[in-house]
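Residue numbers begin at 1 in each chain, while the letters A, B, ... track the order of the sequences.
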Amino acid sequence: MALDSLGDWVRTSYSSNVTPENDGEEVTLFGWVQEVRDLGGIRFVILQDREGTIQVTIPKKKVAPEVLSKSDTLQKRYSVGVKGTVKKTNMTPRGIEVIPKEIKIFTTATEQLPIDITGKTPANIEARLDARALDLCLEQNAAAFKIQHHALAAIRDFLFEKGFLEVHTPRIIASATEGGAELFPVDYFGQKAYLAQSPQLYKEQLTMSLEKVFEVGPFFRAELSHTRRHLSEFVSVDIEQAFANAEDVMQLLERVIQYTCKTVKEECVKELSALKYKVTVPELPFKRFTYDEILNDLKKEDINIPWGEDIPTPAFRALGKERGYYYFITDWPTHAKAFYIKPKDGKPELCEGFDLMWRWIELVSGGTRIADKMLLMERMKEKGLNPNSFKYHLQAFDYGMPPHAGWAIGLERLTMVLTGKKNIREVSLYPRDRVRLTP
RNA sequence: GCCCAGGUAGUAUAGUUCGGUCCAGUAUAUGCGGCUGUCGCCCGCAGGACCCGGGUCCGAAUCCCGGCCUGGGCGCCA
């Protein structure tokens, strides 16, 4: 088939911008054929673009022969341009249709698509991810990413307003940031290096100069996790603030979350409706429970966690909804948290780390950090880490490390909460997990 | 890494209990034909599948073993 070029055509409107008030006007639309319904003497072509769909109506005896013959060849997913006249009508849900004067076909598509794009026979997540580029052409599948965009924009707005600087730290590092989690090794000009699991140490160092920083970016964990809420590559929204403690950054966090929910609820009406999901804006302050309180509540449910152990997922599920959807857990046992979390003054078995939970999902973790070099080295040793491998980090503590605190939001997990998606792979464009490396 | 359940046309499913009724049914998609107001259009026709390897058996989609993959859960982790 002879394909058309863009030529001098310029889009005048997205589908959603055309309203009955444009009756009689000429528009140039770009997009894709979503569906062709041919009734014999009349043909309906549903044109889709990023913002929605619009009906192009072709009364076969009334349009120009070139338009008719072009429209004869149209198939699903052809990339097309339509120049035509807007007509007010009560025959379509939108109250308008477009009668074409000229149609351009830019590219074609295979006859048999790998997934059903009309939504009549929804595909499984696996088939969808294998054909992700096409999968995202479905409104309800793209919706989660539009919501993620607005959520991240809200977070950025809020942090900029509070005086945070956006920074970028290395993804390629020489040694483990935190110990614990498994790292992906990479070859760095013959040296052994790793993909970063977190910006933790760098963002802490930046508090002694830039004071309030945040970073949004991907991080990598080589864990063999097999759950609905783990990815090998995930996006973290990290902040770190000088001259602040856990309570300060918890207050910042709950406002960030509230503002984000409010923004998404207001700006993503169409997307939320496509997802059939409602976002509720949480009240402030979020409830705060200590680790001991959670353990006591679990005892009432006949779940006994020995003091000092991490709280397993089934225990969180058992706690039910009465805790509210968002809640903090504070006062964790020091040894259950990372080495850089500050033990409580006068009660060193507890620490100033916290988690923000959404029901049973850990959304955010954070805390007051240790600013004292000797104490930090002590904690490293207790965790079985060798302070020598952190010498570049530790030297920063010789130059006036301020008291500081911070947190990290798992962006995909937040997106799950904002979209109602139950599998984290739905809210990652091209998810990477233990077995999936493509597309 | 462990436990449970699975893997059937492009997609989604029925059939597996108790091997023969299944050269595998249905919907949707695709192709061809028809239809002037559809919007999950409708009608007719056509082609299209039992995850891979091995085993048992007269006979395997169905039973057994191994592998790979998927869903759910656990662990690890965040």
Q) Got A/C261 and A/Y326 here, is their nearest side-chain heavy-atom distance under 4.5 Å? A) yes

**Q.** d(CG, A/L129; P, B/G10) in whole Å
**A.** 19 Å

Q) Taking any strand in view, what nucleotide pairs with B/U16 in a Watson-Crick or G-U wobble way, both distances under 3.5 Å? A) none

(Q) Can you tell me which nucleotide in B/C39, B/G37, B/A29 comes closest to the side chain of A/T89? (A) B/G37

Q) Counting only Watson-Crick or G-U wobble pairs whose two distances fall under 3.5 Å, which nucleotide matches B/G6? A) B/C69

Q) Of the nucleotides B/U28, B/G75, B/C35, which one has an atom closest to the side chain of A/D38? A) B/C35

Q.
By nearest atom, which of the nucleotides B/U11, B/G1, B/G75 is closest to the A/R434 side chain?
A. B/G1

Q) Within this structure, what is the CG-to-C1' distance between A/L138 and B/U28, rounded to whole angstrom? A) 14 Å

Q: For nucleotides B/G40 and B/C3, find the distance between their C1' atoms and express it as a whole number of Å.
A: 40 Å

(Q) Classify A/Q75 by what it touches in the nucleic acid, base, sugar-phosphate, or nothing, heavy-atom distance under 4.0 Å. (A) sugar-phosphate

Q. When the C1' atoms of B/U56 and B/U11 are considered, how many whole Å apart are they?
A. 35 Å

Q.
Students often get this wrong, so: under 4.0 angstrom with heavy atoms, is A/F219 touching a base, only sugar-phosphate, or nothing?
A. nothing

Q | Donor + acceptor pair across side chains of A/E382, A/H335 (<3.5 Å) | A | no

**Q.** Nucleotide nearest A/T227 (side chain, heavy atoms from C-beta), chosen from B/G73, B/C76, B/U11
**A.** B/C76

Q. Where the side chain of A/R434 meets the backbone of A/H226, is there a donor-acceptor pair that is under 3.5 Å apart?
A. no

Q: Could you walk me through whether A/T330 and A/M250 pass the side-chain contact (heavy atoms from CB on, under 4.5 Å) test, one step at a time?
A: CA-CA 10 Å; A/T330 64; A/M250 283 163 71; 3.6 Å; yes

**Q.** Under-3.5 Å donor-acceptor pair between A/E223 side chain and B/G1 base
**A.** no

Q. Taking the same atom, C1', in B/U36 and in B/G31, what whole-Å distance lies between them?
A. 24 Å

Q.
Is it the case that the side chain of A/E271 and the backbone of A/K146 share a donor-acceptor pair, with hydrogens and angles ignored and the cut-off at 3.5 Å?
A. no

Q | Partner nucleotide of B/C63 by Watson-Crick or wobble geometry (both distances under 3.5 Å) | A | B/G55

Q.
Quiz question: going by heavy-atom distance under 3.5 Å, is there a donor-acceptor pair between the base of B/U38 and the side chain of A/Q55?
A. yes

Q: Have a look at A/L231 and say if it touches a base, only the backbone sugar-phosphate, or nothing, with a 4.0 Å heavy-atom cut-off.
A: base

Q | Nearest listed nucleotide, side chain of A/F44, among B/U11, B/G75, B/U38 | A | B/U38

Q.
Around atom NZ of A/K270, are there more than 12 heavy atoms from other residues, nucleotides or ligands closer than 6.0 Å?
A. yes

**Q.** Pairwise 5' ranking along RNA chain B for A/E126 and A/H230, keeping only the more 5' one
**A.** A/E126

Q. OP1 or OP2 of B/G72 sitting under 4.0 Å from any side-chain N/O of A/K422?
A. no

Q: Describe the nucleic acid contact of A/P114 in one word from base, sugar-phosphate, nothing, applying a heavy-atom distance below 4.0 Å.
A: sugar-phosphate

Q. Does A/N124 place a side-chain N or O at less than 4.0 Å from the phosphate oxygens OP1/OP2 of B/U70?
A. no

Q.
Between A/K88 and A/D23 (salt bridge meaning N to carboxylate O under 4.0 Å), is one present in this structure?
A. no

Q | Whole-angstrom distance between B/C39 and B/G47, as gauged at atom C1' | A | 29 Å

Q) A/I58 has an atom CD1; how far is it from atom P of B/U36, in whole Å? A) 15 Å

**Q.** C1' spacing across the pair B/C41 / B/G34, given as an integer number of angstrom
**A.** 14 Å

Q. Could you state the CD1-C1' distance from A/I424 to B/G72, rounded to the nearest angstrom?
A. 16 Å

Q) What nucleotide among B/C74, B/C39, B/U70 has an atom nearest to a side-chain atom of A/V435? A) B/U70

Q | Along RNA chain B (nearest heavy atom to each residue), the more 5'-positioned of A/D433 and A/D116 | A | A/D116

Q. Using the benzene-type ring in the case of Trp, are the ring centres of A/F339 and A/F390 under 6.0 Å apart?
A. yes

Q: Identify the nucleotide, in any strand shown, that forms a Watson-Crick or G-U wobble pair with B/C74, with both distances under 3.5 Å; if there is none, say none.
A: B/G1

Q | Given B/G37, B/C76, B/U36, the nucleotide with the shortest approach to the side chain of A/K61 | A | B/U36

(Q) Can you check the distance between B/A60 and B/G19, where both ends of the measurement are the C1' atom (answer in whole Å)? (A) 6 Å

Q. Using the C1' atom in both, what is the distance from B/U8 to B/C23, to the nearest Å?
A. 15 Å

Q: Could you point out which residue of A/F354, A/Y291, A/W307 forms a ring pair (Phe, Tyr, Trp, His ring centres under 6.0 Å) with A/W332?
A: A/Y291

Q. How close or far is atom P of B/U38 from atom CD of A/E97, stated in whole angstroms?
A. 12 Å

Q.
If the cut-off is 4.0 Å, is A/R221 near the phosphate of B/C77, judged by side-chain N/O to OP1 or OP2?
A. no

Q: Could you please name the option among B/C39, B/C74, B/A12 that lies closest to any side-chain atom of A/R229?
A: B/C74

(Q) For B/A46, give the paired nucleotide (Watson-Crick: N1-N3 plus N6-O4 or O6-N4; G-U: N1-O2 and O6-N3; both under 3.5 Å), or none. (A) B/U30

Q.
Taking the P atom in each of B/A5 and B/A49, what is the distance between them to the nearest angstrom?
A. 30 Å

(Q) Could you tell me how far apart A/E309 (CD) and B/C74 (P) are, to the nearest whole angstrom? (A) 17 Å

Q) In whole angstrom, what separates A/R436's CZ from B/C69's P? A) 12 Å

(Q) Tell me the interatomic distance from A/D72, atom CG, to B/G33, atom P, rounded to whole angstroms. (A) 10 Å

(Q) As a test of reading the structure: which of B/G37, B/C39, B/G40 is closest to the side chain of A/K120, going by heavy atoms? (A) B/G40

Q: Please state whether the base of B/C76 and the side chain of A/S225 form at least one donor-acceptor pair under 3.5 Å?
A: yes

(Q) Any base atoms under 4.0 Å from A/I125, or only sugar-phosphate, or nothing? Heavy atoms, all strands. (A) sugar-phosphate

Q) In terms of side-chain heavy atoms of A/H226, which of B/U38, B/G73, B/U36 is nearest? A) B/G73

